[in-house]
Student: 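This is the structure I want to talk about, given as structure tokens.
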Amino acid sequence: MTIKNKLRAGFGFLFLIAFLCCSLSIFFLNNLSSDASEILKDNYESLKYAKNITSALDESQAGLSQYQISTIENNLRKQEKNVTEPGEQQLTNKLRLEFEHLKVLKTIQIDAELELRSQIRNVLYNIMQLNMNSIEKRNNNAQNTAHRATIIVALIGSFCFLVAFTFVINFPGYIANPIKELTGRIKEISNRNYHQHLNFKTNDEFGELAIAFNLMTGKLNEFEHGNLANILFEKKRIETIINSMHDAIIGFDEKYTIIFANDVACRLLSTNEERLTGKHAHDVAMENDLLRNLLINDHLKMKINTDNREDYYSKEIVPVISNDKVIGKVIILKNITEYQQLDEAKTNFIATISHELKTPISSIKMSLKLLQDARVGAVNSEQKQLIDNIDEDARRLLHITAELLDMAQAETGKIRLNFGSTHPKNIVDYAVKALKFIADQQEITLNIKCDNNLPYVRADLDKTTWVLINLLSNAIKYSRPNTTVDLFVKQNKLDGIEFIVQDHGQGIEDKYLSRIFERYFKVPGASVEQTGTGLGLAIAKDFIEAQSGKIGVSSEIGVGSRFYFILPVS
Ligand code: ADP
């Protein structure tokens, strides 16, 4: 039976018993009251009539007055209508008969009258006795009824009390105990203990609940074990993949606790995984120079000594993002020794070639100078044009070889800096002088703002001028005629002296800005006449950074580009 129906039956039963009790009480009360009213109605009335007749009879000893007769007649008539007891009818008839005799007796018949009066009193006494007996009997009956009613109502009341008491004691437990047990099991489940079973064998809602609950815990158990096995398998697989990689990989959580380090990383850090995992990176870094370097230095390329060998590694820090939140970091060290060696070979090759080319190109230039000199011999206009073209090509070749040499120098870390204390105005003047002619040719106005009161900078004058010339010549190259190129020099409170070259040319798309200082990078789509080797900005960056300076760019398509570099104050 369902709990709902059990509740209905329980409360219904209680109501039924209460109703039965009430009905019985009302029934017995009715019985008692009818007994009492019958006593009143039948016997008490007869006693009253008999008493009235006796009193009327006793008012005179001889003869009856009219008043007496009418009183007796009146009460006798009422008595005749109120005959209730067996034998009462005969006595009433006798009373009527003797009263009629008494009415017709002559006053002189005194003895007969006395006799008759005595007989009437006798009859009245008998009537009263009969009714008195009946009252006594009925009174006894009423007492018996009351006694019986008390016992029955008491019995039923006790029974009701017992039932209600049992109900009150047991019912809350009946509802609360399963709920309590269920709560306990749910708490266990929240602690990931899925081996929970409810044993409600009842055929009601609790029984159904137990079946559903047991089914759910079974599924959860299955899911947990299936999932756990899968997760463990996947973890093993990922660990194997990470371990079999040739790159060193170290994983950290968001609090910089080391989560894993593969075999290569352990070998580089000269330790084992047990001494790394679970430890805070900064604690390990206190004793491990390489890890300290990895965490502190921004360098993306580093030299690491392992097995008495010097290897080059590139460092990449990959943030681990989940739900737009950084939940950790992975440091990947890629062994780039092979590429580094190839790169060095390439740089050496470029350096040798450009160095070797410089001498023949210079002698070509010298020869061209001689050819252009009228004293050597006259040339016709076509020959002159050819000589000018060769001269221009030679100039470009010389420029390219010079850039390649600079780049090779920078790449091998062989930039020779000649530091000195220079006023920014000097650098500006040299650069402007070198470019004035080209700017005029392209109808570009140079707008220069450089305060004489600026402090001196600590810089290599030649290299810094080279950088400024490069930025200005780019600005002129990528500007439309009849526009201005601004060159501002100002003191930057935090970093030093800032040189800004602002053009109003085509601008550079955002996506290329981060690559603009890479070697050989040229913005796609630029015309062949405009672009050069793509080395100028890369060399400029090397030169400025070698002087502990900063270089950067911002640009907007159609509005222009703004290149700047900052050098420390002397
Ligand atoms: P290049 O010798 O090709 O000018 P750079 O390293 O000086 O080499 O410049 C790299 C590339 O950056 C150029 O090819 C050009 O596309 C772009 N660039 C440099 N300066 C500017 C500028 N002021 N406006 C637009 N593009 C520029």
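Indexing begins at 1, ligand by ligand and atom by atom, following the structure's order. On a predicted model such as this, the values are computed, not experimentally measured, just so you know.
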Student: Show the atoms of ligand 1 that are less than 4.0 angstrom away from any heavy atom in K477.
Tutor: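 Per the distance check, 4 (O).
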Student: Do any N/O atoms on V523 end up under 3.5 angstrom from N/O atoms on ligand 1?
Tutor: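 N/O-N/O distance below 3.5 Å exists for this pair.
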Student: Does ligand 1 come near enough to I516 that some N or O of the ligand is less than 3.5 Å from an N or O of the residue?
Tutor: no
Student: Does F419 have R458 sitting over its ring (NZ/CZ under 6.0 Å from centre, angle to axis within 45°)?
Tutor: yes
Student: Applying a strict 4.0 Å limit to heavy atoms, is E403 in contact with ligand 1?
Tutor: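 The answer is no, since E403 has no heavy atom less than 4.0 Å from ligand 1.
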Student: Looking only at N/O atoms, are Q506 and ligand 1 under 3.5 Å apart anywhere?
Tutor: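 No - when backbone and side-chain N and O of Q506 are compared with those of ligand 1, no distance drops under 3.5 Å.
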Student: Tell me if the centroids of the rings in Y256 and H282 come within less than 6.0 Å of each other.
Tutor: yes
Student: Under 30°, 30 to 60°, or over 60°: which ring-plane class applies to F499 and F565, parallel, tilted or perpendicular?
Tutor: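 Plane angle under 30°, so parallel.
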Student: Within the structure, is a non-hydrogen atom of G534 found at a distance of less than 4.0 Å from ligand 1?
Tutor: yes
Student: Taking atom 26 (N) of ligand 1 as the point of reference, which of I508, V485, N474 owns the nearest heavy atom?
Tutor: I508
Student: Determine whether I350 and L405 make a side-chain contact, defined as any pair of heavy atoms from C-beta on separated by less than 4.5 Å.
Tutor: no
Student: Taking the side chain from K463 and the backbone from N418, do they hold a donor-acceptor pair closer than 3.5 Å?
Tutor: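 No, because the side chain of K463 does not come within donor-acceptor range (under 3.5 Å) of the backbone of N418.
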Student: Just which atoms of ligand 1 are under 4.0 Å from any heavy atom in S561?
Tutor: 24 (N)
Student: Between N470 and ligand 1, find which residue part has any heavy-atom pair under 4.0 Å and reply side chain, backbone, both or neither.
Tutor: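 N470 to ligand 1: side-chain contact only, backbone stays beyond 4.0 Å.
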Student: Find all atoms of ligand 1 within a distance of less than 4.0 Å from any non-hydrogen atom belonging to F521, and give their numbers and elements.
Tutor: 10 (C), 11 (C)
Student: Under a heavy-atom criterion of less than 4.0 Å, does F563 contact ligand 1?
Tutor: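 Yes; F563 lies near enough to ligand 1 that a heavy-atom distance drops under 4.0 Å.
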Student: Between F252 and K329, is there a cation-pi geometry (under 6.0 Å to ring centre, at most 45° from the normal)?
Tutor: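 No, K329 does not sit over the ring of F252.
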Student: Can you figure out which of I400, L472, L537, D503 has its heavy atom closest to atom 6 (O) of ligand 1?
Tutor: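 Minimum heavy-atom distance to atom 6 (O) of ligand 1 goes to L537.
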Student: Please give me the minimum heavy-atom distance between I508 and I557, naming the atom from each residue.
Tutor: C-CD1, 3.9 Å
Student: Let's go through D263 and R267 carefully: what are the C-alpha distance in whole Å and the side-chain angles of both, what is the deciding distance for salt bridge (Lys or Arg N to Asp or Glu O under 4.0 Å) to 0.1 Å, and is it a yes or a no?
Tutor: CA-CA 6 Å; D263 293 347; R267 193 161 47 78; over 6 Å; no
